[in-house]
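Notes follow the structure.
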Amino acid sequence: MFFRGSKGEIIKDFKMFGPRVYKSSPFMEQKGFSLVITGPMGSGKTTELFRQLERIEIAGGTVMLIKPVRDDRDTGVRTHGGFEREAIALNSPEEIFDYLEPEITTIGIEEAQFFDDSICGVVRVLVAHGKRVILSGLDLDAMGRPFGPMPFLLTQAEYVMKLQAVCMSCGADASRTKRKVESKEQVMVGGMEIYEPVCTACHESWLRGEREGEL
Ligand code: ADP
Ligand code: MG
Ligand code: ZN
């Protein structure tokens with residue numbers, strides 16, 4: 001009888017039930033997973049992403065943070081509370097592999113809804129290679145439609161966190177994002193000056209008003 005160590009080596013040492021085995025046991029290998037943090041604008045997705053990445057760093061892991069290219073001048077990721085981290089801005093999710101140093105254990109992905117569908121395959125490959133992938137992104141656009149690759153990312157994820165903001169119309173829990181200015185575009189880059197979190201009921205009555213405006 002034998003066990004395989006983390007590098008595939010055969011371990012026949014039956015004094016293994018000491019600290020040595022603890023180190024080379026297959027159960028101690030890092031398993032890959034993806035965690036998707038979702039919810040409306042202002043629900044704390046980026047704050048939670050930062051918290052998760054910080055925990056990994058405290059545990060000795062090395063983290064890389066990426067985001068979609070939207071604005072060339074902007075190199076970091078910011079929370080509404082003003083915290084900031086450096087990030088690599090990418091056009092395509094496949095470019096992650098150009099930056100993936102062997103010591104990187106965890107890949108953070110911000111604003112995942114803006115990447116194309118290829119992000120789903122990229123996440124699966126990373127997870128299969130033992131990486132932890134922590135994504136944050138809007139599940140719904142301002143019209144209440146699923147946003148980009150988010151439905152796929154959510155269903156293939158091992159873990160999902162759905163956060164709520166506060167409804168700016170009635171103070172209830174908010175799971176939707178309303179656009180305060182008129183536009184038919186799905187993607188219109190902006191912050192709280194353009195968008196606000198609302199609950200489902202307030203979002204529905206706003207949508208009805210929008211549609212009435214169209215008639
Ligand atoms: P997200 O990435 O989901 O847009 P952030 O993590 O950047 O959210 O910011 C969350 C912070 O936004 C909250 O901790 C709070 O200080 C602030 N905030 C502003 N407006 C709201 C709101 N309507 N509901 C909840 N938090 C809000
Ligand atoms: Mg955010
Ligand atoms: Zn409301």
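Just follow the structure's listing: the first ligand is 1, and inside any ligand the first atom is 1. Reckoned from all heavy atoms, side chains included, excluding hydrogens, waters and symmetry mates.
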*Dump the intermediate steps for side-chain contact (heavy atoms from CB on, under 4.5 Å) on Val181 and Met188, then the final yes or no.*
CA-CA 10 Å; Val181 298; Met188 182 175 171; 3.4 Å; yes

*Considering Arg78, Lys45, Met41, Glu110, which one's heavy-atom position lies nearest to atom 3 (O) of ligand 1?*
Lys45

*Can an N, O or S atom be found in Ser136 less than 2.8 Å away from the Mg ion (ligand 2)?*
no

*Residues, nucleotides or ligands: over 12 heavy atoms within 6.0 Å of Glu182 CD*: no

_Candidate with minimal heavy-atom separation from atom 25 (C) of ligand 1, of Gly81, Gly42, Ser43_ = Gly42

*Establish whether atom 15 (C) of ligand 1 and some protein heavy atom are separated by less than 4.0 angstrom.*
no

*May I ask which of Leu49, Leu163, Thr177, Val166 has a heavy atom nearer to atom 22 (C) of ligand 1 than the others do?*
Val166

*For ligand 1, which atoms sit closer than 4.0 Å to a heavy atom of Pro40?*
3 (O)

*Find all atoms of ligand 1 within a distance of less than 4.0 Å from any non-hydrogen atom belonging to Ala165, and give their numbers and elements.*
24 (N), 25 (C)

*Looking only at side chains, do Glu54 and Gln52 share a donor and an acceptor under 3.5 Å apart?*
no

*Do the side chain of Glu48 and the main chain of Ile37 share a donor and acceptor less than 3.5 angstrom apart?*
no

*the Zn ion (ligand 3) to nearest N/O/S of Cys202 below 2.8 Å*: yes

_Atoms of ligand 1, numbered as shown, that sit under 4.0 Å from any heavy atom of Met168_ = 23 (N)

_Taking atom 17 (C) of ligand 1 as the reference point, the nearest protein heavy atom with its distance_ = His80 CB, 4.2 Å

*For ligand 1, which atoms, with element, lie under 4.0 Å from some heavy atom of Thr79?*
7 (O)

_Taking a cutoff of less than 4.0 Å between a non-hydrogen atom of the residue and any ligand atom, is Gly44 in contact with ligand 1?_
yes

*Numbering the atoms of ligand 1 from 1, which are under 4.0 Å from a heavy atom of Met192?*
19 (C), 20 (N)

*Considering the options Leu65, Thr79, Leu135, Ile109, which one meets the side-chain contact (heavy atoms from CB on, under 4.5 Å) requirement together with Leu49?*
Leu65

*State, yes or no, whether a side-chain contact exists between Ile104 and Tyr99 at a heavy-atom distance under 4.5 Å.*
no

*Backbone N or O of Lys67 within a donor-acceptor pair of the Glu110 side chain at under 3.5 Å?*
no

*asked:* Using a 4.0 Å cut-off to any heavy atom of Thr47, which atoms of ligand 1 qualify?
replied: 5 (P), 6 (O), 9 (O), 10 (C)

_Residues Phe114, Val69; criterion side-chain contact (heavy atoms from CB on, under 4.5 Å); working and verdict_ = CA-CA 9 Å; Phe114 289 136; Val69 171; over 6 Å; no

*Under the side-chain contact (heavy atoms from CB on, under 4.5 Å) rule, what do Met150 and Val36 come out as? Steps first, then yes or no, please.*
CA-CA 9 Å; Met150 291 301 288; Val36 178; 3.8 Å; yes

